[in-house]
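Throughout, protein chains are lettered first and strands after them, A, B, ... in sequence-line order, and every chain is numbered starting at 1.
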Amino acid sequence: MTPPMPPDTSNLSVADLRTSAGRRAWSAGARWAFALAALATVLVSALIIWTVASGAWTFISQVPFDNLSEIGWFPRRGLFDLSTLLVNLVQISVIAMLVAVPSGFGAAIYLSEYAHPRVRKVMKPTLELLASVPSVVLGVFAISFITPSILSNFFSEINYFNKLAAGIAVGLLVIPLIASIAEDALRAVPLALREASSGLGARKVTTSIRVVLPAAMSGLMAAIIVGFSRAIGETMVVTIASGGGDTSLFNLALTESGGTFTSAMAALGLGTDQVAGNNLAFQSLYFLGALLFAITLVLNMLGDLIVRRLQNKY
Amino acid sequence: MTVLTTPAGIATGAADALRKRPGADVAGSAFKWLLIGATVFATGFLAVLLAVMIVDGWDVLSGNLWYFLTHGFSQRSAGEAGVWQGILGSLQVALVTGVFAIPTGVATAIYLVEYAQGNRFARIVELNIRNLAGVPSIVYGLLGLAVFAQTLRGFSGGTTAIAGGMTLAAMVLPIVVITSVEALKAVPDSLREAAYGVGATKWEVLSRQVLPAALSTILTGTVLALARALGEAAPLILVGAATGFMSFGDANVFETFTGPYTALPVLIFNFARQPGADWGVNAAAASVIILVLVLAVNGLAIYLRNRFEKQW
């Protein structure tokens, strides 16, 4: 029996080993289709920037400069006092952070340092679920529960719409986000640090506060920054609970109503038909959008930078 | 106090001194209970929220839930108003969102993971996605108003469910990309190498091996993204959902995509800003409906992801 002859390879070329032209063309085409989709995501950013920047420019180039510092925000009367909105924005966001940071950090420390793995396995998805609560619902919660059932016990003269309730509700909304980022930061701290601390005889509370928290500090800062940015951008809670009308008179009282950048935008958007005639009022929508976009972009990039640094740290 | 004279006595004394005395560590237990309190507060408010909404909306939920679900908005009185336009509108908007966001997002993720690891264009795309994820939702409303509803009026028909859906698609695009990237990265290289080894082209490797392997995770991310869109009201207000109410007239369901529309969260907002307690009942009842919808969709997605998480 003769062994089978090996195939004749003397005149085999690269072309013979290649697959059919159709399969190759299909594969090359797919690459371009995927790249095109990636390009589309960049296009979305470009369109956002172009939209807000061009609208904001129209506003800035037409508005009399004195009208930007007036008695309040009355877009249809041509009074665009930015400080009114800015003060309300800062007040509401700071209240939100006072609510969200302690409970978010507390939950993060508990889940990362203390909780039994089984508890953690249930609580992590629960936090994720909480993050999906629609913000309109929290707005309704603010006017139907936080103000009448809680705040009215402490303040005798509290407005039905007020910044305090709005701030608390925004705070509830950002707790899951802050807890989640903080927990990731705490878990990124290597176990060796905790073991070394316990080995020296430190109690768990000492290890948590004096070793783990400082080691995770930059990540915790990032959680605060990103949470703050989210609070600034929150629209529906503030619109429902504090800035319902499209006008705001400058005031510092937390028990009074007041609009922020976002609620002023929503109010202008609601009345699009009415303000369409008053060109300047409509353009102020884009001006506020541009400011909001710029502020949150800076905050998010800062937070992102810190998180990335942290990832490379250990 | 044991007298430390014998070696055995010293050992016992040392062991006593080192032994943990429960109850002695007051600061430690106080701290722990503080943390538990914070955790309960952080997660427990959902229960309070649900309870308050159910109690406030009980008149509608117990008595005429069916009427509420099947009737349209009415300006005349709260008792005549229902939410079906909002529910149908939300489904329409979610459908358009999915049609635009899912293919674009998944394809972008494939490009980033499979084709362009680390080249300059990919780095720009990645940075861009991270930044888009942090843009406030109402800014997407401006994009929708200026671009999707006005510039692309010929395609979307103005402030319609199509324009609203495209707006939300832009908003959830980063979520779809980020979760899909994670899913694709989790597929082990050995799978790709084996496919190349038997002569598959890159397209064949992707479409027959990598995508099917990553599909369940990608789907979960997509569902989470759509659930996010379902609860979002702010951008839709700028794209006309607050003033428009879907009316069939003699149009069929598909024709209403290019007519006035509204969405469930926007409807809740409309209920909430009407003066009067009976509108508050409607707002609370509609809040319960949207909470149940969003939590059910999300819970299912999260459960499935944790259940079918692939171990390679």
Report summary line: Distance col, row B:Thr39:OG1 vs A:Ile175:CD1, nearest 0.5 angstrom, shows 10.5 Å
Query raised in the report: Is there side-chain contact between A:Thr296 and B:Val135, with at least one heavy-atom pair below 4.5 Å?
Result: no
Requested in this report: Using a 4.5 Å cut-off on heavy atoms from C-beta on, say whether the side chain of B:Phe45 contacts that of A:Leu138.
Outcome: yes
Requested in this report: Check B:Ala170 against A:Val44 and note the closest heavy-atom contact, atom names and distance.
Outcome: CB-CG1, 4.0 Å
Report task. Could you check which of B:Val294, B:Val239, B:Val40 has the highest count of heavy-atom pairs closer than 4.5 Å to chain A? Result -> B:Val294
Query raised in the report: Taking atom CG of B:Leu127 and atom CE of A:Met301, what is their separation to the nearest 0.5 Å?
Result: 5.0 Å
**Report entry** Side chain / backbone / both / neither for B:Ile36 at chain A, heavy atoms under 4.5 Å
**Finding:** both
**Report entry** Selection from A:Tyr114, A:Phe261, A:Tyr160 maximising heavy-atom pairs under 4.5 Å formed with chain B
**Finding:** A:Tyr114
Requested in this report: Can you measure from OH (A:Tyr110) to CH2 (B:Trp33) and round to the nearest 0.5 angstrom?
Outcome: 7.5 Å
Query - B:Trp203 side, atom CH2; A:Arg23 side, atom CZ - distance, nearest 0.5 Å - result: 13.5 Å
Query raised in the report: What part of B:Tyr303 gets closer than 4.5 Å to chain A, counting heavy atoms only: side chain, backbone, both or neither?
Result: neither
Query raised in the report: Going by heavy atoms in the side chains, are A:Glu128 and B:Leu224 under 4.5 Å from each other?
Result: yes
Report summary line: For A:Gly269 and B:Leu238 the tightest heavy-atom approach is CA-CD2, 3.3 Å
Query raised in the report: Side chain, backbone, both or neither: which part of A:Ser45 has a heavy atom under 4.5 Å from chain B?
Result: both
Report summary line: CZ (B:Arg130) and CG (A:Leu305) are apart, to the nearest 0.5 Å, by 9.5 Å
Query - B:Ile138 to A:Ala266 - nearest heavy-atom pair and separation - result: CD1-N, 3.7 Å
Query raised in the report: For A:Ile143, is it the side chain, the backbone, both, or neither that has a heavy atom closer than 4.5 Å to a heavy atom of chain B?
Result: side chain
Query raised in the report: Looking only at atom types and distance, does a side-chain atom of B:Asn128 sit under 3.5 Å from a main-chain N or O of A:Thr41, one as donor and one as acceptor?
Result: yes
Query raised in the report: Got a sec: does the NZ of B:Lys32 have more than 12 other heavy atoms crowding it under 6.0 Å?
Result: no
Report task. Pick one of side chain, backbone, both or neither for A:Ala35, based on which atoms fall under 4.5 Å of a heavy atom in chain B. Result -> both
Query raised in the report: Who among B:Phe271, B:Phe31, B:Tyr140 has the most heavy-atom pairs with chain A under 4.5 Å?
Result: B:Phe31
Report task. Answer yes or no: is there a donor N or O on one side and an acceptor on the other, between the side chain of A:Asn300 and the main chain of B:Gly134, under 3.5 Å? Result -> yes
Query - Non-hydrogen side-chain atoms of B:Phe41 and A:Val99 separated by less than 4.5 Å - result: yes
Query raised in the report: Do you know the tightest heavy-atom contact between B:Ala38 and A:Gly106?
Result: CB-CA, 3.7 Å
Requested in this report: Using non-hydrogen atoms and a 4.5 Å limit, figure out which bit of A:Leu299 sits close to chain B: side chain, backbone, both or neither.
Outcome: neither
**Report entry** Proximal component of B:Leu46, with respect to chain A [non-hydrogen, under 4.5 Å]
**Finding:** both
Query raised in the report: Considering residues, nucleotides and ligands other than B:Tyr196, do more than 12 of their heavy atoms fall under 6.0 Å from its OH?
Result: yes
Report task. Against chain A, label B:Glu204 side chain, backbone, both or neither, depending on which of its atoms sit under 4.5 Å from a heavy atom there. Result -> side chain
Requested in this report: Output the option from B:Leu34, B:Thr43, B:Leu112, B:Val139 having the highest count of non-hydrogen pairs under 4.5 Å with chain A.
Outcome: B:Thr43
Query - Best-contacting candidate, A:Val42, A:Val226, A:Leu288, against chain B by heavy atom pairs under 4.5 angstrom - result: A:Val42
Report task. Check whether A:Pro102 gets within reach of chain B through its side chain, its backbone, both or neither, counting any heavy atom under 4.5 Å. Result -> backbone
Report summary line: What one should report as the nearest heavy-atom pair of A:Val136 and B:Pro265 is CG1-O, 3.5 Å
Requested in this report: Considering only heavy atoms and a distance below 4.5 Å, find which of A:Phe105, A:Phe293, A:Tyr286 pairs most often with chain B.
Outcome: A:Tyr286
Requested in this report: With a 4.5 Å cut-off on heavy-atom pairs, point out which of A:Leu111, A:Ile209, A:Thr262 contacts chain B the most.
Outcome: A:Ile209
Requested in this report: Give a yes or no on whether the backbone of A:Ala37 and the side-chain of B:Thr108 come within a donor-acceptor separation of less than 3.5 Å.
Outcome: yes
Report task. Report the relative orientation of the aromatic rings in B:Tyr115 and A:Phe34; use parallel for angles under 30°, tilted for 30 to 60°, perpendicular for over 60°. Result -> tilted
Query raised in the report: What part of A:Leu297 lies closer than 4.5 angstrom to a heavy atom of chain B: side chain, backbone, both or neither?
Result: side chain
Query raised in the report: Roughly how far, to the nearest 0.5 Å, is CG of B:Leu35 from OG of A:Ser112?
Result: 10.0 Å
Report task. Considering only heavy atoms and a distance below 4.5 Å, find which of A:Ala38, A:Gly233, A:Ala179 pairs most often with chain B. Result -> A:Ala38
**Report entry** Toward chain B, the part of A:Val52 with a non-hydrogen atom under 4.5 Å
**Finding:** side chain
Requested in this report: Could you check which of A:Ile109, A:Thr51, A:Leu172, A:Thr126 has the highest count of heavy-atom pairs closer than 4.5 Å to chain B?
Outcome: A:Leu172
Query raised in the report: Does some side-chain heavy atom of A:Pro134 sit less than 4.5 Å from a side-chain heavy atom of B:Leu291?
Result: yes
Query - Proximity breakdown for B:Phe121 and chain A, heavy-atom pairs closer than 4.5 Å - result: side chain
Report summary line: Turns out that what part of B:Asp56 lies under 4.5 Å from chain A's heavy atoms comes down to side chain
Report task. Please state whether the side chain, the backbone, both or neither of A:Ser27 comes within less than 4.5 Å of a heavy atom of chain B. Result -> both
Query raised in the report: chain A heavy atoms under 4.5 Å from B:Leu173: which part of the residue, side chain, backbone, both or neither?
Result: side chain
Report task. Decide yes or no for B:Ile268 and A:Met236: does some side-chain heavy atom of the first lie under 4.5 Å from some side-chain heavy atom of the second? Result -> no
Query raised in the report: Side chains of B:Met53 and A:Val140: closer than 4.5 Å at any heavy-atom pair?
Result: yes
Query raised in the report: Is it the side chain or the backbone of A:Leu130 that comes within 4.5 Å of chain B heavy atoms, both, or neither?
Result: side chain
Query - Option that, when pairs with chain A are counted at under 4.5 Å, heavy atom only, ranks first among B:Ala42, B:Ala272, B:Ala30, B:Gly28 - result: B:Ala42
Report task. Measure B:Ala227 against the heavy atoms of chain A and call it side chain, backbone, both or neither at under 4.5 Å. Result -> neither
Query raised in the report: Does a side-chain heavy-atom distance below 4.5 Å link B:Leu49 with A:Val133?
Result: yes
Report summary line: Okay, A:Ser132 and chain B: the region with an atom under 4.5 Å from a heavy atom over there is both
Query raised in the report: Can you say whether A:Ser208 sits under 4.5 Å from chain B via the side chain, the backbone, both, or neither, judging by heavy atoms?
Result: side chain
Query - Criterion side chain to side chain contact (heavy atoms under 4.5 Å, CB included) on A:Met265 and B:Ile237, from CA distance to verdict - result: CA-CA 10 Å; A:Met265 287 171 72; B:Ile237 285 179; over 6 Å; no
Query raised in the report: Just wondering, are more than 12 heavy atoms of other shown residues or ligands nearer than 6.0 Å to CZ in A:Arg24?
Result: yes
